[in-house]
Engineer: 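Got a structure here, written out as structure tokens. Questions coming.
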Amino acid sequence: MPIRPVLQQIIAKCLLELGVAVVPEQVGLERPLRPEHGDWSTNAALVHAGRAGLAPRELAGRLAELLSVARVPHLESLEVAGPGFVNIHLQTNWLHDVLRDVVAQGEVSYAASDAGGGERVQIEFVSANPTGPLHVGNGWWGAYGDSLARVMQRCGYTVLREYYVNDTGGQITLLGESLLARRRGEEPPEGGYQGDYLAGLADEYAGPDEAAAAGRWASERILSGIVETLASISISFDEWYSQASVEESGAVEETVGILRAKGLVEEREGALWFRSSELGDSRDRVLVRSGGEPTYLGGDLAYHRDKFLVRGFDRVVDIFGADHHGQVASLKAGVEALGIEPERLEVLLGQMVSLVEGGKTGRMSKRAGNFVPLDDLVADIGPDAVRLLALNASLDQATNLDLDLVREQSMENPVYYVQYAHARIASMERVRREREIARIEITGCDLGVLKDARELDLLRRLEEFPDIVAEACAERAPHKVTAWVRRLAGAFHGFYHDCPVLALSGAGDPTSLALMQARLWLVEGARIGFAIALSLIGISAPEKM
RNA sequence: GCCCUCGUAGCUCAAUUGGAUAGAGCAGAUGACUUCUAAUCAUCAGGCUGCAGGUUCGAGUCCUGCCGAGGGCGCCA
């Protein structure tokens with residue numbers, strides 16, 4: 001049983017006695033950064049001083065008095081500090097309970113929750129046009145989306161990962177024209193695709209000399225390459241949804257019909273317009289061109305109608321690059337117009353990833369062919385390093401990736417720091433078996449002997465993990481798991497260095513044996529933490545390095 | 001011009017969504033392997049959180065205005 005909700009409940013009850021009504025979940029309770037501020041600290045007195053009609057420090061004093069007789073588990077001491085914090089110091093055995101909890105729940109259940117309550121969520125990400133190989137930016141947001149899916153699954157959501165395949169429209173025709181030009185040994189048309197990847201495809205293409213067919217053929221080939229690239233960094237999709245299929249199904253007409261019935265569509269200069277400016281968009285948008293072809297927005301609205309109203313997702317998360325932020329307002333307006341509560345659609349924007357090479361920063365363009373393929377980066381530094389790098393920063397952070405530096409530092413990459421910790425644990429386990437050292441049941445193990453600062457630090461990291469995962473989920477911020485696992489690795493390496501387990505001196509005497517057993521379980525607890533976190537961020541957990 | 005996002009150590013990024021003295025890694029300096037993996041550990045150095053106001057017990061975080069960077073403003077996607 002985690003201690004946080006227990007403390008929150010007790011504090012809420014004490015506040016009630018002081019004339020302040022709060023729900024336990026809203027009691028401010030945090031783990032202070034500085035150890036002298038205690039194991040836990042509440043700012044409740046600061047927040048509620050006004051309502052209680054008392055000065056913050058006075059309210060804090062009364063709160064502390066009540067808490068001292070409120071049967072706080074493992075309570076060591078209380079103090080009022082600073083402007084009115086109540087700091088709670090616990091006896092170290094509260095952390096030993098944590099270890100029992102970690103081991104009891106194990107890899108399957110520790111740091112899992114049912115916060116999502118089975119809500120059906122669709123996460124759409126990558127969705128890069130199949131007109132060329134994925135570039136590094138696609139990999140960045142791809143890793144983010146994939147890890148978000150894993151985190152949300154662990155928090156009780158039913159998640160479906162989807163890639164929207166833009167397999168129709170002018171760009172596919174343009175791709176076909178570029179391919180045919182290549183085959184004839186000519187320059188691609190104005191604004192066409194220049195990348196080298198087209199050369200190989202042009203040699204292979206044996207179909208008719210018709211742009212649409214050639215484009216469709218090429219985009220299928222390119223898409224299967226994209227599937228492989230994604231698989232190389234452990235990203236897979238449950239669904240590849242074709243834009244062409246949306247348009248061919250008549251869904252666009254149906255969607256337009258709904259909007260028309262609401263009086264939000266009108267004809268202007270031969271095209272059909274969506275009066276989105278009435279719903280917060282900066283201007284109106286065309287849904288169907290004068291030539292009868294739907295615009296991207298027309299297809300996209302039909303697609304989102306399909307997500308919510310046909311397939312019935314409770315919630316949809318779209319992860320776009322920041323260069324698509326211009327379409328967010330129209331999409332939101334459209335979704336609202338279709339009668340879907342706008343909060344059910346979350347659009348996350350990934351800031352741009354710019355690459356620096358040879359001291360020069362460059363913008364990637366698929367058409368100009370000067371982008372850096374994700375495949376190249378994976379080949380250079382390996383899939384685990386790519387994922388960790390991508391999941392190191394928040395989506396909001398525009399990243400500057402210096403390729404020279406990344407290659408140079410690939411052996412210094414933090415991924416090895418984390419994986420090495422896991423490998424060390426695996427190695428200890430091998431030695432333990434070799435020496436035929438049995439691990440006794442944890443129920444019969446005296447964990448009270450874990451008193452070293454290193455041991456307690458490791459326990460603290462494990463204790464906070466469930467909250468980290470819950471936060472990463474609620475804030476759609478899987479990079480928090482990365483930050484945590486790096487901290488766990490730091491705590492583990494420190495422990496490993498200072499606290500021998502199988503190499504304890506004085507082997508044989510009862511004190512050492514008891515300590516070894518307790519440390520074996522601590523190591524097992526750490527292993528569980530690494531295994532869960534590494535799988536959430538999609539990085540392998542090596543047994544040997 | 002209008003709109004969106006961002007600005008934190010030399011570099012790449014964090015920071016418990018408003019908490020107490022802003023933290024890691026890399027790069028730099030110095031030290032530690034006869035033990036379970038040194039891909040590790042320890043110590044030092046590094047900051048007016050772009051600038052100026054405001055809100056309050058308290059601001060890197062919220063509000064306003066500048067400055068700077070990126071992105072968007074198509075019957076492209």
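Convention: sequence-line order gives letters A, B, ...; per-chain numbering from 1.
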Engineer: Under a 3.5 Å cutoff on both atom distances, Watson-Crick or G-U, what's the dot-bracket for RNA chain B ([ ] crossing, | other strand)?
Structural biologist: (((((((..((((.....[...)))).(((((.......))))).....(((((..]....))))))))))))....

Engineer: Syn or anti for B:U17, taking syn as within 90° of 0?
Structural biologist: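 Syn, which is what one calls it when the glycosidic angle falls within 90° of 0.
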
Engineer: Between A:Arg487 and A:Glu464, does any NZ, NE, NH1 or NH2 come within less than 4.0 Å of an OD or OE carboxylate oxygen?
Structural biologist: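 Salt bridge present between A:Glu464 and A:Arg487.
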
Engineer: Only pairs at least two apart or in different chains count here, so list each salt bridge (Lys or Arg N to Asp or Glu O under 4.0 Å) that has a residue in residues 41-51 of chain A.
Structural biologist: none

Engineer: When we call it a touch if two heavy atoms are under 4.0 Å apart, what does A:Gln327 touch: a base, just sugar-phosphate, or nothing?
Structural biologist: base

Engineer: If you measure from the C1' atom in B:G19 to the same atom in B:C62, how many Å do you get, rounded?
Structural biologist: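 Roughly 14 Å separates the two C1' atoms.
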
Engineer: For the base of B:G72, is there a side-chain donor-acceptor partner from A:Asp323 under 3.5 Å away?
Structural biologist: no

Engineer: Expressed in whole Å, how much space separates the C1' atoms belonging to B:U43 and B:G60?
Structural biologist: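 Nearest-Å result for B:U43 against B:G60 at atom C1': 28 Å.
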
Engineer: Expressed as a whole number of Å, how far does the P atom of B:A59 sit from that of B:C51?
Structural biologist: 16 Å

Engineer: Does a donor on one side chain and an acceptor on the other come within less than 3.5 Å for A:Asp384 and A:Gln419?
Structural biologist: yes

Engineer: Using a cut-off of 4.0 Å between protein heavy atoms and nucleotide atoms, how would you tag nucleotides 33-44 of chain B 5' to 3' with B, S and -?
Structural biologist: --BBBSBSSS--

Engineer: Are a donor atom and an acceptor atom from the side chains of A:Arg285 and A:Ser277 found within less than 3.5 Å of each other?
Structural biologist: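 No, because no side-chain N or O of A:Arg285 sits under 3.5 Å from a partner of the opposite role on A:Ser277.
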
Engineer: Is the ring centre of A:Trp141 less than 6.0 Å from the ring centre of A:Phe125?
Structural biologist: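 No; A:Phe125 has its ring centre 6.0 Å or more from that of A:Trp141.
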
Engineer: Using side chain to side chain donor-acceptor pair (under 3.5 Å) as the criterion, list what pairs up with A:Asp306, not counting sequence neighbours.
Structural biologist: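 Side chain to side chain donor-acceptor pair (under 3.5 Å) check on A:Asp306 returns A:Tyr241, A:Arg311.
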
Engineer: C1' atom, B:A9 versus B:A24: distance in rounded Å?
Structural biologist: 11 Å

Engineer: With sequence neighbours excluded, tell me which residues meet side chain to side chain donor-acceptor pair (under 3.5 Å) with A:Asn43.
Structural biologist: none

Engineer: Checking A:Arg275 now: which residues fulfil side chain to side chain donor-acceptor pair (under 3.5 Å) with it, not counting sequence neighbours?
Structural biologist: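 With sequence neighbours excluded, A:Arg275 shows a side chain to side chain donor-acceptor pair (under 3.5 Å) to A:Glu266, A:Glu278, given in chain and number order.
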
Engineer: Under 4.5 Å between any side-chain heavy atoms of A:Ser147 and A:Leu536, yes or no?
Structural biologist: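 Side chain of A:Ser147 against side chain of A:Leu536, heavy atoms only: no contact under 4.5 Å found.
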
Engineer: Quick one: do A:Lys307 and A:Glu124 make a salt bridge, cutoff under 4.0 Å?
Structural biologist: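 Between A:Glu124 and A:Lys307 there is a salt bridge, with a charged N closer than 4.0 Å to a carboxylate O.
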
Engineer: Restricting to side chain to side chain donor-acceptor pair (under 3.5 Å), what partner residues turn up for A:Thr482, sequence neighbours left out?
Structural biologist: none

Engineer: What distance, rounded to whole Å, do you find between the two P atoms, one in B:C33 and one in B:G18?
Structural biologist: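 After rounding to an integer number of Å, I get 48 Å for this pair.
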
Engineer: Base, sugar-phosphate, or nothing: which does A:Gln419 touch, judged by heavy atoms less than 4.0 Å apart?
Structural biologist: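 It contacts nothing in the nucleic acid.
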
Engineer: When the P atoms of B:U8 and B:C13 are considered, how many whole Å apart are they?
Structural biologist: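 B:U8 and B:C13 have their P atoms separated by 9 Å.
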
Engineer: For A:Tyr420, check ring-ring contact (aromatic ring centres under 6.0 Å, His included) against everything at least two apart and list the hits.
Structural biologist: A:His493

Engineer: Among residues at least two apart in sequence or on other chains, which ones pass side chain to side chain contact (heavy atoms under 4.5 Å, CB included) with A:Asp452?
Structural biologist: A:Arg454, A:Glu455, A:Cys499

Engineer: Applying a 4.0 Å non-hydrogen cut-off, can you work out what A:Glu269 is touching in the nucleic acid: base, sugar-phosphate, or nothing?
Structural biologist: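 Base: the residue A:Glu269, judged by heavy atoms under 4.0 Å, touches a nucleobase.
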
Engineer: Using a 4.0 Å heavy-atom cut-off, write out nucleotides 4-14 of chain B from 5' to 3' as B (base contacted by protein), S (sugar-phosphate only) or - (no contact).
Structural biologist: BSS-----SSS

Engineer: Distances for protein N/O vs nucleotides 20-24 of chain B N/O pairs under 3.5 angstrom?
Structural biologist:
from	atom 1	to	atom 2	distance (Å)
B:A20	N6	A:Ser41	OG	2.5
B:A20	N6	A:Asn87	OD1	2.7
B:A20	N1	A:Asn87	OD1	3.3
B:A20	N1	A:Asn87	ND2	3.2
B:U21	O2'	A:Arg34	NH1	3.2
B:U21	O2	A:Arg34	NH1	3.1
B:U21	O2	A:Arg34	NH2	3.0
B:U21	N3	A:Arg34	NE	3.4
B:U21	N3	A:Arg34	NH2	2.7

Engineer: Quantified in whole Å, what is the C1' atom distance between nucleotide B:G25 and nucleotide B:G65?
Structural biologist: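 Going atom to atom, C1' in each nucleotide, I get 36 Å.
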
Engineer: Once salt bridge (Lys or Arg N to Asp or Glu O under 4.0 Å) is applied, do any residues pair with A:Arg62, and if so which ones, sequence neighbours excluded?
Structural biologist: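 For A:Arg62, the residues satisfying salt bridge (Lys or Arg N to Asp or Glu O under 4.0 Å) (neighbours in sequence not counted) are A:Glu58.
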
Engineer: If you assign each of A:Val288 and A:Leu29 to its closest nucleotide in RNA chain B, which residue comes earlier from the 5' end?
Structural biologist: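 The residue mapped nearer the 5' terminus is A:Leu29.
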
Engineer: Applying a 4.0 Å non-hydrogen cut-off, can you work out what A:Arg283 is touching in the nucleic acid: base, sugar-phosphate, or nothing?
Structural biologist: sugar-phosphate

Engineer: Between the base of B:C75 and the side chain of A:Ser290, is one N or O donor paired with an acceptor at under 3.5 angstrom?
Structural biologist: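 Present.
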
Engineer: Tell me if the CZ atom of A:Arg268 is crowded by more than 12 foreign heavy atoms within 6.0 Å.
Structural biologist: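 Yes, the 6.0 Å shell around CZ holds more than 12 heavy atoms from other groups.
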
Engineer: Report which part of the nucleic acid A:Ala271 touches: base, sugar-phosphate, or nothing (heavy-atom distance under 4.0 Å, all strands).
Structural biologist: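 Result for A:Ala271 = base.
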
